[in-house]
Amino acid sequence: MKDTSKISLKDAISIGIGGMVGGGIFAVLGLAASLAKGGTPVAFLFAGILALLTSYSYVKLSKKYPDRGGTVKFINQGFGKTIFSGAINNLLWVSYIVMLSLYASAFGSYAPNLWEITANKTVDFHIYASAIILLATGINYYSIAVVGKIESYAVIIKLIILLGFIGIGAYGLMGNPNLDQLALENWETPIKLFAGGMVIFVAYEGFELIANAAPDIENPEKNIPRAYYFSVIFVILLYIVIAVVTVGSLPFEQIAKAEDYVLAEAAKPMLGQLGFTVITIAALISTFSAINASLYGGSKVNYEIAEDDELPHHFLSKLWGQPIGLLITAVTTLILVNILQLESISTAGSVGFILIFGIVNFVGFKLSNELQANKVIPISGFVLCIAALVILVHQQLQSNLTGVLVSMAIILFCFLVEWIYKKRKVQNNP
């Protein structure tokens, strides 16, 4: 008899794909095209290669140390419960909050195209972005089962619409004059392409959610690697084709003008206003489901960190039946989305996740004998993550100083909080 409490390979792949194809692609596609121009598909490929290399370390760690704490447990496994591991785990929680802000920002950008509340798009953006966070928080408090149901339906709906967009879009590319934009002479320099890929790296971070499900995956020896590799490779191909269709459909000026909702704009040449509306609805469903799942994931991460004694035990207390971290996550997201621009949010999220993934790769390298892993792949992932961080920060310093400053402030804040907490603990328990 089949064990219904176990997660099948199909469900594990859905968790990975659902985590990646959340609000990310809807939020950052226009940003990627503005940074990489005709080389946008290559920028997505660069980011995808980094995700694929990192997924190797996640496969090995998930098989050896299956735990619902996922990334939090892996970092503690590699470094013990130190100020460093605590700070990086705090950074993971804050990066979830940054991702939530990104998804809410995408929702706020797409929604006014469907229904304007006021005559001012900026005011509408803030109303929609704030309302969707409040709604998702309410659902998380009401029932975790509802969050799961929304997620499973949303994955199917958004994939059907995106694959339909690709099918019709590819057909519409025939004879489209904008197809020339993909030519080599319209690509940015390799460094800029790589930097563009790193700014939008947040579109790939969701595969790490498979780690949290690892203890419940049936036939883990076979299915854990399949879940990671299949979902990451599928999403790389999906993003590349979406990037080709978008850049081949719209002139660069139009992409820049509709940067925050470019996917809907790209459906217009083939399907007119109907296409625009369908993609807008898909974006709203995707970003809403991503906010729902990330709120749940973020509060779990916060709870795990407190359980591991890397945050005060106040975070273990419950409010209305859910960890207090859920409310803190929601309130902080509300503040961030209303004060930061999309590019700054994307940069802060990418810096956080590239740093975390670099450290997970280092743990994969450090524990390679126990994991029976090939040392070359994790260390390559680690080196590439560090190079990516340097290139990303250098490029953004020139064009988006706020994003870099926010990223650095977040990292410093995480270390400071952990240092103060650990110091107080030692003083209280001499």
For Asn90 and Tyr421, run side-chain hydrogen bond (donor to acceptor under 3.5 Å, both in side chains): C-alpha distance rounded to whole Å, both residues' side-chain angles, the deciding distance at 0.1 Å, then the answer.
-> CA-CA 12 Å; Asn90 288 336; Tyr421 172 62; over 6 Å; no
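- Between the side chain of Asn76 and the main chain of Lys81, no donor-acceptor pair closer than 3.5 Å is present.
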Trace of the side-chain contact (heavy atoms from CB on, under 4.5 Å) decision for Phe74 with Ser57 = CA-CA 10 Å; Phe74 301 157; Ser57 295; over 6 Å; no
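- To the nearest 0.5 angstrom, Ile132 atom CD1 is 13.0 Å from Ser105 atom OG.
- Under a 3.5 Å cut-off, the side chain of Ser368 and the backbone N or O of Phe365 do form a donor-acceptor pair.
- Residue Gln341 qualifies as open at atom CD: its count of foreign heavy atoms under 6.0 Å is 12 or below.
- Evaluation of the salt bridge (Lys or Arg N to Asp or Glu O under 4.0 Å) rule for Glu418 yields Lys422 as partners, not counting sequence neighbours.
- The line from CZ of Phe194 to CD1 of Ile49 is 9.0 Å long, rounded to the nearest 0.5 Å.
- We find the CD1-CG distance between Ile161 and Leu263 to be 10.5 Å, quoted to the nearest 0.5 Å.
- Phe207 pairs by the ring-ring contact (aromatic ring centres under 6.0 Å, His included) definition with Tyr58, Phe357, not counting sequence neighbours.
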Going through the checks in order, is the side-chain hydrogen bond (donor to acceptor under 3.5 Å, both in side chains) test met by Asn338 and Ser130?
-> CA-CA 8 Å; Asn338 284 298; Ser130 303; 3.1 Å; yes
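- Counting only heavy atoms from C-beta outward, the side chains of Ile255 and Glu265 never approach each other to under 4.5 Å.
- Residue Asn223 comes nearest to Leu9 through the heavy atom pair O-CD1, 3.5 Å, listed as atom of the first residue, atom of the second, then distance.
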Yes or no on ring-ring contact (aromatic ring centres under 6.0 Å, His included) for Tyr204 and Tyr239, after CA distance, side-chain angles and deciding distance?
-> CA-CA 10 Å; Tyr204 284 106; Tyr239 285 173; 5.1 Å; yes
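- In this structure, His314 places its NE2 atom where only 12 or fewer heavy-atom neighbours from other residues, nucleotides or ligands lie under 6.0 Å away.
- At a threshold of 4.5 Å between non-hydrogen side-chain atoms, the residues Leu159 and Leu238 count as touching.
- The aromatic rings of Phe84 and Phe415 lie tilted to each other, with the angle between the two planes from 30° to 60°.
- Between Phe288 and Ile139, the closest side-chain pair of non-hydrogen atoms falls below 4.5 Å.
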Under the side-chain contact (heavy atoms from CB on, under 4.5 Å) criterion, do Ile217 and Ile210 qualify, and how do the steps go?
-> CA-CA 9 Å; Ile217 294 175; Ile210 297 171; 4.1 Å; yes
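- Remark: the backbone N or O of Gly80 is paired with a side-chain donor or acceptor of Ser85 at under 3.5 angstrom.
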Where do Glu221 and Lys63 land on the salt bridge (charged side-chain N to carboxylate O under 4.0 Å, His left out) test, with the steps shown first?
-> CA-CA 7 Å; Glu221 204 57 34; Lys63 278 164 68 174; 3.2 Å; yes
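- Here the closest non-hydrogen pair linking Ala243 and Leu29 is CA-CD1, 4.3 Å.
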Yes or no on side-chain contact (heavy atoms from CB on, under 4.5 Å) for Leu61 and Gln77, after CA distance, side-chain angles and deciding distance?
-> CA-CA 9 Å; Leu61 287 160; Gln77 202 66 46; 5.6 Å; no
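- Once rounded to the nearest 0.5 Å, the distance linking CG of Leu327 with CG of Asn140 reads 11.5 Å.
- Looking at Asn89 and Glu310, their side chains do bring a donor and an acceptor atom within 3.5 Å of each other.
- Using a 4.5 Å cut-off on side-chain heavy atoms (C-beta onward), Leu416 and Leu412 make no contact.
- One side chain, Ser289 or Lys158, offers a donor N or O that lies under 3.5 Å from an acceptor on the other.
- A heavy-atom distance below 4.5 Å is not found between the side chains of Thr280 and Tyr261.
- Scanning both residues, Gly325 and Ser299, for their nearest heavy atoms gives C-CB, 4.0 Å.
- Side chain of Ser101 to backbone of Leu336: no donor-acceptor contact under 3.5 angstrom is found.
- Interatomic distance, CD1 of Ile200 versus CZ of Phe46, reported as 11.0 Å (0.5 Å rounding).
- At least one cation-pi condition fails for Lys73 and Tyr65: the charged atom is not both under 6.0 angstrom from the six-membered ring centre and inside a 45 degree cone around its axis.
- Note that CG of Leu135 is 9.0 Å distant from CD1 of Ile291, once rounded to the nearest 0.5 Å.
- Crowding of Leu397 atom CG: a count of heavy atoms from other residues, nucleotides or ligands under 6.0 Å exceeding 12.
- With contacts defined as side-chain heavy-atom distances shorter than 4.5 Å, the pair Ile328/Trp93 qualifies.
- Across all their heavy atoms, Gly70 and Ala211 have their closest contact at CA-CB, 3.8 Å.
- By the 6.0 Å contact criterion, NE2 on His126 is enclosed, its count of non-hydrogen atoms from other residues, nucleotides or ligands being greater than 12.
- Ile281 has its side chain out of reach of Ile157: every pair of non-hydrogen atoms, C-beta onward, lies at least 4.5 Å apart.
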Step by step, would you call Thr40 with Trp187 a side-chain hydrogen bond (donor to acceptor under 3.5 Å, both in side chains)?
-> CA-CA 8 Å; Thr40 304; Trp187 290 20; over 6 Å; no
Verdict with supporting geometry, Arg226 and Lys222, side-chain contact (heavy atoms from CB on, under 4.5 Å) = CA-CA 7 Å; Arg226 286 175 179 171; Lys222 266 188 177 171; 3.9 Å; yes
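- Pro312 and Ala306 make their closest contact through O-CB, 3.8 Å (heavy atoms, listed as atom of the first residue, atom of the second, distance).
- When each of Val406, Val98, Leu389, Ile410 is tested with Val351 by the rule side chain to side chain contact (heavy atoms under 4.5 Å, CB included), just one qualifies, namely Leu389.
- Panel note: side chain Gln181, backbone Val247; a donor-acceptor pair is recorded below 3.5 Å.
- Between the side chain of Asn361 and the backbone N or O of Ile379, no donor-acceptor pair lies under 3.5 Å.
- Panel note: side chain Lys366, backbone Gly78; a donor-acceptor pair is recorded below 3.5 Å.
- Counting all heavy atoms, side chain and backbone alike, Tyr303 lies closest to Phe315 at CD1-O, 3.9 Å.
- Ser62 and Tyr228 are linked by a side-chain donor-acceptor pair at a separation below 3.5 angstrom, with hydrogens and angles left out of the test.
- Checked by atom type and distance alone, the side chain of Asp124 pairs as donor or acceptor with a backbone atom of Thr118 at under 3.5 Å.
- Counting only N and O atoms by type, the side chains of Asn113 and Lys121 include a donor and acceptor under 3.5 Å apart.
- Proximity of a side-chain donor or acceptor of Ser346 to a complementary backbone N or O of Leu342 within less than 3.5 Å is not detected.
- Glu343 contributes no side-chain N or O that, together with a main-chain N or O of Thr402, makes up a donor-acceptor pair within less than 3.5 Å.
- Exactly one of Leu237, Val244, Val241 qualifies for a side chain to side chain contact (heavy atoms under 4.5 Å, CB included) with Ile166. That residue is Val241.
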